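What follows is a set of notes on a single structure, which appears directly below.
Note that this is a predicted model, so its numbers are computed, not measured. In what follows, chains are A, B, ... by sequence order, proteins preceding strands, each numbered from 1.
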Amino acid sequence: MTLQVTGLRKSFGGVHALRGVDLTIASGEVHALLGHNGAGKSTLIKALGGAFTPDGGTIEVAGRSYSGLSPRQSIDAGIAIIFQHLSLVESLSVVDNVFLGQEHRRLGVVDRGSQRAAARALLDRLGATCRVDDRVGDLPMGQRQLVEIAKALSRDPVVLVLDEPTAALSSHEIGALERTVRALQEQGLAICYVTHLLGEVERLADRMTVLRDGQVHVSTSLEGRTRRDIIEAIAEPPTDLPPRGPVHEADPPQLQVSGLSGPGIGPIDLSVRPGEIVGLYGLIGSGRTRTLEMLFGRRPRDGVVTVGGRRVTRATPRAALAAGLALVPGDRAGQGLFSSLSALDNALLPAQGVLSAFGLRRRRAEQQAFERLAEALAVHPSTPEAPARSFSGGNQQKLLLGRWVNGILPTTVLLLDEPTQGVDVRARHEIYRVVRTIASERRTAVVFASTDPEEIVALADRALVMQEGRVVGELAGAALDEDALLHAVHQSESDLQEHLS
Amino acid sequence: SAPASTKSSGDKVAKSSTDVDTVAWDYPFTFLPVYAGVAKFAKARAKEKGVALEQTNDNGRPDVQASNLDTLIAKKVPAIVSFPMVFEALEAQAAKALSAGIIWVTYGGTLQNQSASITFSFEEGGRKLGEDAAAWAQESLGGKGKVAFLVDDTIQLGRERTAGMIDAFTKAAPGMEVVGREQAIDPDTALTKTKAILAKHPDVNVVLGITDGAAFGGYKALVEAGRAEDDAETYVGGQDGDLGSLELIRKGTFYRASAALQLRDIGNAVIDVPLAVADGRSDAEASADVPIALVKPGDALLDEIIAQYG
Amino acid sequence: MNASVTPRRLARYPLIPVIIAMAIGFELATGSFVGSQNLLGIATDSATLAIVAVPSALLVISGYLDLSVGSTYALGAVAAGWLASEHGGGLVGCVLLALLAGLAVGAVNGFLCCVVGLSPFIVTLGTLTAVRGLAQQLAPLPLTSFGDGFAWLGGAKVAGLPSPVVIAVLVVLVAGAVLALTPVGRHIYAIGVSREAAYLSGVRVRTVPFALFLATGACAALAGAIKASVLGAVQSGTAGTGFELAVLTAVLVGGVALTGGSGTLFGVVLGVAFLGILQNGLTLVGVPTFWQQVAQGLALVVAAGLAYLSPRLEALTAVRPAAPPRPVPVT
Amino acid sequence: MNASVTPRRLARYPLIPVIIAMAIGFELATGSFVGSQNLLGIATDSATLAIVAVPSALLVISGYLDLSVGSTYALGAVAAGWLASEHGGGLVGCVLLALLAGLAVGAVNGFLCCVVGLSPFIVTLGTLTAVRGLAQQLAPLPLTSFGDGFAWLGGAKVAGLPSPVVIAVLVVLVAGAVLALTPVGRHIYAIGVSREAAYLSGVRVRTVPFALFLATGACAALAGAIKASVLGAVQSGTAGTGFELAVLTAVLVGGVALTGGSGTLFGVVLGVAFLGILQNGLTLVGVPTFWQQVAQGLALVVAAGLAYLSPRLEALTAVRPAAPPRPVPVT
Ligand SMILES: Nc1ncnc2c1ncn2[C@@H]1O[C@H](COP(=O)(O)OP(=O)(O)OP(=O)(O)O)[C@@H](O)[C@H]1O
Ligand SMILES: Nc1ncnc2c1ncn2[C@@H]1O[C@H](COP(=O)(O)OP(=O)(O)OP(=O)(O)O)[C@@H](O)[C@H]1O
Ligand SMILES: [Mg+2]
Ligand SMILES: [Mg+2]
């Protein structure tokens, strides 16, 4: 056994993140580590990487047993980890990041030549297009993720752990990553793979271990298992989504965009009716985020944006909000959440002004609004004073949704960027349900961007395919399925298959 | 416990010097070397007289000084000797102290409310130095040459010294060209500023400092610029009577004079004046005026002050 | 504010036991610490610090910083003192002129830091230097002989309390109300936690800190004017020197993080009290000058240690969060 | 380092044109700015600032901060001066004693900030106060009359250059080599950007900043000893007062971000030069004291403005990044 974790325990204050977890991964095996948000997957992985010392249990790597590891011990033992929240240093170059802490030295001095060559080789193998001297902070998320993977591989590991490595990757890059994982598996590495995307589990994994609330719920071979089996192991099976609301052709468009353009974007024309859900699909870097941000006034723009028949002249978030537009940004940590503020503050910050009387906040009204919202969106825990950072990813996302759809603010057009990134299968389903309900009951027009074709198909009434900042195709009704979406952005089906196999 | 403390204050009012067991000396410029010099003698005198000497830490801030005095008054120390950063600002504290039965001795000047004072004229020190330098310039340079002043415009005593020094010099040596007037009280700053002045006027003849520290820095700058240590056409002078400066004067360098405070006399006065007040002396009888003497090479006083540093 | 002393509150504000310990220690050592005259003296002396530390704390919570307060204090003192001594200005005129001067400095800082977006540290270090020069240029000589009107500002008693204390209490109450009761209070925290997220939520991320710069400038100048009135004299070269560090120390020791987004006004008031009591106690005990400095330095280190311990103690005393719902197992 | 002046380099270091403009302006105004004596004088005076600003900059890049340098400077001066004047200490002894004193302060700061994890701002503000008190306690009276051995430290000429300048150049070169060539240099940046990421990468996130605290302490004390040797005197109460702010100003004006993770030593050297030239020029021109302060304050604001413009200018002069690979369209 290359990696054997026995009885691992860890608690943070009163939260028991791990309650005696066992995990065994043999060399040459791809082992999927699954579980709902907050199940303890990342905690387990951080213990392997030496981010903290476990409260109890042992970690055995390549025959040696540890009760706790420092990062250096972990690296020396041959564990390489791709952390969920990237452990890259933004202001350093790609090559400096890849070799951070493990620099090639000659006479005590960094051997740049050798590092650059090695980094180039690794990046090529992963299909990364960035250059070794690029600042990591300037790279799009997908490339950063590949740098992170290159960094892990540069250490010649015996155990490779990937914590949601594909959350920010496009299907093209996912294909390259999956091929790399296969190759490493054949070289005899023990691979632990964490993901919420079950397609990846089916394609890659040999075995799976499912955590629930810090305990192992199931550990089994994947031989002969169906997707439904996997979902049921992770959480209770989701109920069906509410039906799509009707979209009336007669309604005047709620959001009307013409000639929207900016650096590298557009011109884009777009019209969304009340109650309609439009998905923006494209590869990473195709300009979906920038389009949404321009609509919301976060970036300067040219062109005409009309909401409910009235033109939004100033390109600022305040003007957009006043007009009824709202954006749930894709970068939850950087642009959305106030991590140290309470759940109530996070959900109601812009509504507090509306709820207040004579310039003073009305606590009772806020409490009630929060209770209503927590119930409608099934936010858990529903404690208003808990800091947002103590919520799981899915619940954080619900707080951000609730910031705009709480019945207090006049949101008529909801813009969502990657609304379920890093969210577990159940919470994802709940978010779909919430978005559907908002659209059908409140007649809100919704535009969302996603990299996951499954998500577009599940949620959108109509999909726009984006490429290089423009809309290059439109799919709706029966024509909207995953194959068609993939087809629209990739050269051909066979090309895609080649990527995936 | 408030009434108790009022009662004890009644007991504490000094009827004679034997009732004064503590003298609180409040000196705001604790970063100046003069402070340590006076403190040394005051401590020795306090020991001699069997009283405790307490000191404050005002950090050169008038509001902190006022706070600390409030504290001393609340504590009912029997005697306070205070050097006001701004004299008018402490009238209230002085009055409060007096009405609490505390002996208040003003240091470095006088207040309306006080038991007595210890004075030494800052203006006079500056004037003596200015006059001496001017006389030297008339004699050695024929009244023609360049002078730079290292001054202090930030605090009252600095401004008085500055005014005395510059007025006396320019009046007595009107032919001298003033090529610099820079803020500097410590050697470090003075070195930098004098060097800059020398870059433009390499032939500066006279550098007068608001403190001996400043003049010392000016002296160093001249030496660094290649001036011989005993150059006949150069005059540097300062104020306070710091040991390093006095030694340069004794050595016969162009550091020619210092308006020296008599540290021992002042230090003794810090203890003696409040004790005299306690023994019933009036303001006029108890107060001490310590003259500032300009010390120059060959003066007996020069050796005496150097010896005081021990 | 709930005033009961719970373990959780003690963990959150570890300065409380420290202040109590200091008070007991100084009382035992000197017998004259506890006493209305001494305590009122501490309060009066600390009032100006509190008046400036409070708006400064809001500024730090919102992620900014104002170092120029030491010189704005001097400018306010000079402005009020000049009007009072040279033109016989009365209470209202002097206070208004000081506030105007403070608002002007605040507006410059606010414009450069919030609107243009320059580094608050460097900008306000710059205005600290420049405004000091200006104040000295305006009033090179000490200003004295103020009329009775202006003397009232610092010398009056309201309900038995000295007016500086009353003003400080008002400042604390107003700022506390803004922070706790108004939406802007939440915006101040939100901007400090994540300016970007606040911007995207429609918060006025320029206006709010700009207003706090104005408030800080105005309060600093007011504090200067109050002290000028108390002392009856102003010296532009020394008034408020080093005050900016005292203010920042009170704010940080009071548990406000320099990185923004966290801290409470109650903590800041404790920080001010801590510094005031320390200064008073050291003088009371009669610690020699240089050792007082050493002690003050060590006290800061201790305060840093407390700030470090506080969240750890809080975690220990935390109410256990409810366990997350367990999904019903299927298999 | 490539010394050619490209538009990109100018955009990155906007202090270069400013310094050139200042030099031309001061030369035109006084006719005595450019001249080997004056320039060498500026270099000598700025040398001590550079010696401390360089390790301080590394500390700030790694996300920490040392405010205690002003007092460590005094302690170093007192230690060396005491040995030289009271015990006839020679060059080596004096320098070693000063370094030892500086290392001791650095070790205390480093232990509290890096190992225990207290706030560097409060801790080093505390040691700033405490160490000043210690230095004054150790040497209340000025120290003078040093022997020739110790005088050599500040007064010698090496290859025609004054020894302080030579030492400063050595410090810059060593620190520059560490930063640019060694793994530790990368680690310093990495810790400053993300201590967590660096830790997980196996970087010694305690040892490296601890070593930088030691280096800063040692360099501050060495700078104090050098200045003591140059002056031939030490005043413990005034030596290095306000030096911590001068150092921080040089570091920040030189383009190092207070948030850590960015900045270059070349920028810091420019920052030191900027301050030195400004001080020298204002004195040369004979600007009155108070206006000098105003000008220095404004210069800081201008420097903040330049730091703000720099990345924007850089973006304009940037070599266009290669276009991302175009996916071949299907439809
Ligand atoms: N540093 C921490 N302090 C306090 N609680 C923590 C900390 N890290 C994790 N937790 C808690 O531990 C539990 C497990 O979190 P963990 O990040 O391991 O979940 P996960 O399975 O990786 O979830 P996800 O799929 O959302 O990434 C959660 O309840 C989380 O809130
Ligand atoms: N062609 C371009 N012109 C200008 N900026 C670009 C261009 N391509 C990428 N960028 C920059 O890349 C960053 C965003 O890249 P990212 O790939 O994360 O989002 P996006 O381009 O909106 O694509 P998507 O959200 O569809 O993945 C922006 O900061 C943008 O400035
Ligand atoms: Mg996770
Ligand atoms: Mg995107």
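- Counting only heavy atoms from C-beta outward, the side chains of D:Leu134 and C:Phe290 never approach each other to under 4.5 Å.
- If you tally non-hydrogen atom pairs under 4.5 Å between each of D:Ser119, D:Ala257, D:Ala130 and chain C, the highest count goes to D:Ala130.
- If you tally non-hydrogen atom pairs under 4.5 Å between each of C:Ser68, C:Gly117, C:Gly126 and chain D, the highest count goes to C:Gly126.
- With chain D as partner, the option from C:Leu298, C:Val123, C:Val116 having the largest number of non-hydrogen pairs under 4.5 angstrom is C:Val116.
- Looking at C:Gln296 and C:Gln279, their side chains do bring a donor and an acceptor atom within 3.5 Å of each other.
- Contacts of D:Leu112 with chain C are made by side-chain atoms alone, with heavy-atom separations under 4.5 Å and no backbone atom involved.
- Considering only heavy-atom pairs separated by less than 4.5 Å from chain C, the leading option among D:Ala303, D:Gly237, D:Gly133 is D:Gly133.
- Of all non-hydrogen atoms in D:Ser56 and D:Val251, the two that sit nearest each other are CB-CG2, 4.3 Å.
- For chain D, the option among C:Ile122, C:Thr259, C:Thr127 with the highest count of heavy-atom pairs below 4.5 Å is C:Ile122.
- Looking at D:Leu309, neither its backbone nor its side chain comes within 4.5 Å of chain C, counting heavy atoms on both sides.
- Side-chain contact check for D:Gln292 and D:Thr289: no donor-acceptor pair (N or O, by modelled atom type) lies under 3.5 Å.
- One distance of note links CG of D:Leu252 with CG of D:Leu245; it measures 10.0 Å at 0.5 Å rounding.
- Residue contact with chain C, scored on non-hydrogen atoms closer than 4.5 Å, involves the side chain of D:Leu258 exclusively.
- One distance of note links CZ of D:Arg132 with OG of D:Ser236; it measures 7.5 Å at 0.5 Å rounding.
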